[in-house]
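This report concerns only the one structure given below.
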Amino acid sequence: MSEKKRKTDKAHLVVDGKTVELAVLESSMGERALELGRLKAETGCFAFDPAMANTAVCRSSITYVNGEKGILLLRGYPIEDLAERCSFVEVAYLLIHGGLPTMEQSMRFSRLLNIHSMLHEDMRSFFGNYPEGAHPMAVLSAMVVSLSSFYPELRLENTQEETDITATRLLSKLRTIAAFSYKKSVGEPYVYPSHKYSYCENFLNMMFSSPVSMYKADAYDVALMNKLLVLHADHEQNASTTVVRMVESTGANLYACISAGICALWGNLHGGANQAVIEMLEKIHRDGLTADQVIHKAKDKNSRFRLMGFGHRIYKSYDPRAKLAKKMCMAVLKKKKIQDPLVEIAMRLEERALNDPYFQDRSLYPNVDFYTGLIYRAMGFPKEMFTVLFALGRLPGWIAHWQEMRKDPEQRIMRPRQIYTGPQKTAYIPIEERR
Ligand code: ACO
């Protein structure tokens, strides 16, 4: 019997002797899920799934990840092709609009990105009020939610034109905010965006140009920046995207949703891992630790240490983005003639981990964050900016999911359940009688 034939479209669950029929849903790639929407109503039970490891929360046509085979498709296109052949602006368009742009559409989108690149001048003063050393992710999330006070939010029945303007406004301004937050952190004057530059060129110019040194982004760095942003553009229902969707489900505006997503991305187990990887490598270098010592510590269940940049909830094989990032890392070091001791440590750690039964048994491979920080470092970005760069790359994905969520008739306010473990109804004790 063929695999296709063996598949059923109904599953049966017996609870307290009562048989309940559950629909078996199938994705366009053949993965199956049990429909649990009426579980409580029909059985009196909830599903218990901490960390939502077995729970699909929506149907989505944006991104496909196959963790066993190491496949990542954005709107059907392999990440390898997009990273090699598309600009970030094209991929942003692809995610938000559902298809790659024609030349004319791409030019219009780029034009909108330039038109909306300025921040309201009153927002500029906000940056000045952050303390020295403020993390750029804190500034980024606060500034994004502040945009809602300056720019109109989308109406529910928005036109395509309005969506375009809002999406490009956010994409463009996030880049300006990111660069301003860096300038603030190093105490340099802000550099304004310019209409004469492309998206990534503009960003590099705002980051690295200063009144005392002329800066001209070279074509290699612009191409690299494009590729890096493309690698991060979307990754289906990861933690930050789920946060964006959840906040959207409450009816909050787009800026609030994205700001919440930025906060979720900041964590070390998610996008913050790119900074954490470099800090780990710096410490290994500083303390003169061997790869064996580090791996030993990562395996030690009494230690809280984990090998940062390793492991992934979905990938049980090499993360395709990490594969690309590793190649890019080697190429940029060669091109810029950089010898970075941290890269050598990273490669030794990778080799040692991949040959260790602990990592093999748990299918732990490098993830996207393992090598990207090393690339950013070679490009001159300080490590505090790494997660900001991730956010910049992930923004079109978040917008696409926000949009999909808004139009999905199956979605309601997201409200998970719990298994309560606290006390049963307890009699109140007046304060003077408490012991
Ligand atoms: N180092 C050492 N052990 C690890 C690591 C690691 N990096 N990652 C997972 N493990 C172990 C766990 O201890 C656990 O072992 P056990 O079965 O003996 O208890 C097993 O592998 C499974 O790990 P979980 O934590 O259950 O896996 P989960 O899917 O919940 O977590 C995560 C995934 C958070 C990415 C985890 O692998 C991790 O902490 N990695 C390091 C942080 C990191 O690189 N995050 C970036 C992820 S990519 C991204 O978000 C962009």
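Counting starts at 1 for both ligands and their atoms, in listed order.
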Mode of [X] contact toward ligand 1 - side chain, backbone, both, neither (heavy atoms, under 4.0 Å):
X      : answer
Val277 : neither
Arg306 : both
His235 : neither
Leu269 : both
Tyr358 : side chain

Would you say that more than 12 heavy atoms from the other residues, nucleotides or ligands in this model lie under 6.0 Å from the [atom1] of [X], or not?
X      : atom1 : value
Asp16  : CG    : no
Met123 : CE    : yes
Glu351 : CD    : no

[X] vs [Y] side-chain heavy atoms within contact, under 4.5 Å:
X      : Y      : value
Met137 : Ile262 : yes
Lys335 : Leu224 : no
Tyr371 : Val277 : no

Got the closest protein heavy atom to [atom], with its distance?
atom                    : answer
atom 7 (N) of ligand 1  : Leu307 O, 2.7 Å
atom 42 (C) of ligand 1 : Met308 CE, 3.5 Å
atom 20 (C) of ligand 1 : Arg362 CD, 3.7 Å
atom 41 (C) of ligand 1 : Phe310 O, 3.3 Å
atom 50 (O) of ligand 1 : His270 ND1, 2.9 Å
atom 2 (C) of ligand 1  : Ala298 O, 3.5 Å
atom 35 (C) of ligand 1 : Gly311 O, 3.6 Å

Rounded to the nearest 0.5 Å, how far does NZ of Lys173 lie from OH of Tyr151?
->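 Reported value, rounded in 0.5 Å steps: 3.5 Å.
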Roughly how far, to the nearest 0.5 Å, is the CG atom of Leu374 from the CD atom of Glu344?
->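 Between atom CD of Glu344 and atom CG of Leu374 there are 11.0 Å.
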Relative to the heavy atoms of Phe390, which atoms of ligand 1 are at a distance of less than 4.0 Å?
->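 Once the distances to Phe390 are compared, the set is 51 (C).
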Go through ligand 1 atom by atom and flag the ones less than 4.0 Å from a non-hydrogen atom of Ala273.
->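 So the answer, numbered in order with elements, is 43 (C), 44 (O), 45 (N), 46 (C).
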Take every heavy atom of [X], measure it against each atom of ligand 1, and state whether any distance is under 4.0 Å.
X      : result
Leu364 : yes
Phe305 : no
Lys301 : yes

Closer than 4.0 Å and a protein heavy atom, does any atom meet both conditions relative to [atom]?
atom                    : result
atom 17 (O) of ligand 1 : yes
atom 22 (C) of ligand 1 : no
atom 45 (N) of ligand 1 : yes

N or O contact, Gly309 vs ligand 1, cut-off under 3.5 Å =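 It does: an N or O of Gly309 is found under 3.5 Å from an N or O of ligand 1.
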Ring centre gap for Phe208 and Phe381 strictly below 6.0 Å |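 Between Phe208 and Phe381, the centre distance is under 6.0 Å.
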Side chains of Glu404 and Ser60: donor-acceptor distance under 3.5 Å anywhere?
->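 The answer is yes; a qualifying pair exists.
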Classify the side-chain pair Asn114/Ser172 by whether it contains a donor and acceptor separated by less than 3.5 Å.
->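 No, no side-chain donor-acceptor contact under 3.5 Å.
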Name the orientation class of the two ring planes belonging to [X] and [Y] (parallel below 30°, tilted from 30 to 60°, perpendicular beyond 60°).
X      : Y      : result
Tyr315 : His312 : tilted
His135 : Trp266 : tilted
His120 : Phe150 : tilted

Of the listed options Arg394, Lys297, Arg313, Arg321, closest to atom 33 (C) of ligand 1 (non-hydrogen atoms) |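 Minimum heavy-atom distance to atom 33 (C) of ligand 1 goes to Arg313.
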Option with minimal heavy-atom separation from atom 51 (C) of ligand 1, where the choices are Thr387, Asp300, Asp369 |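 When every heavy atom of Thr387, Asp300, Asp369 is considered, Asp369 comes closest to atom 51 (C) of ligand 1.
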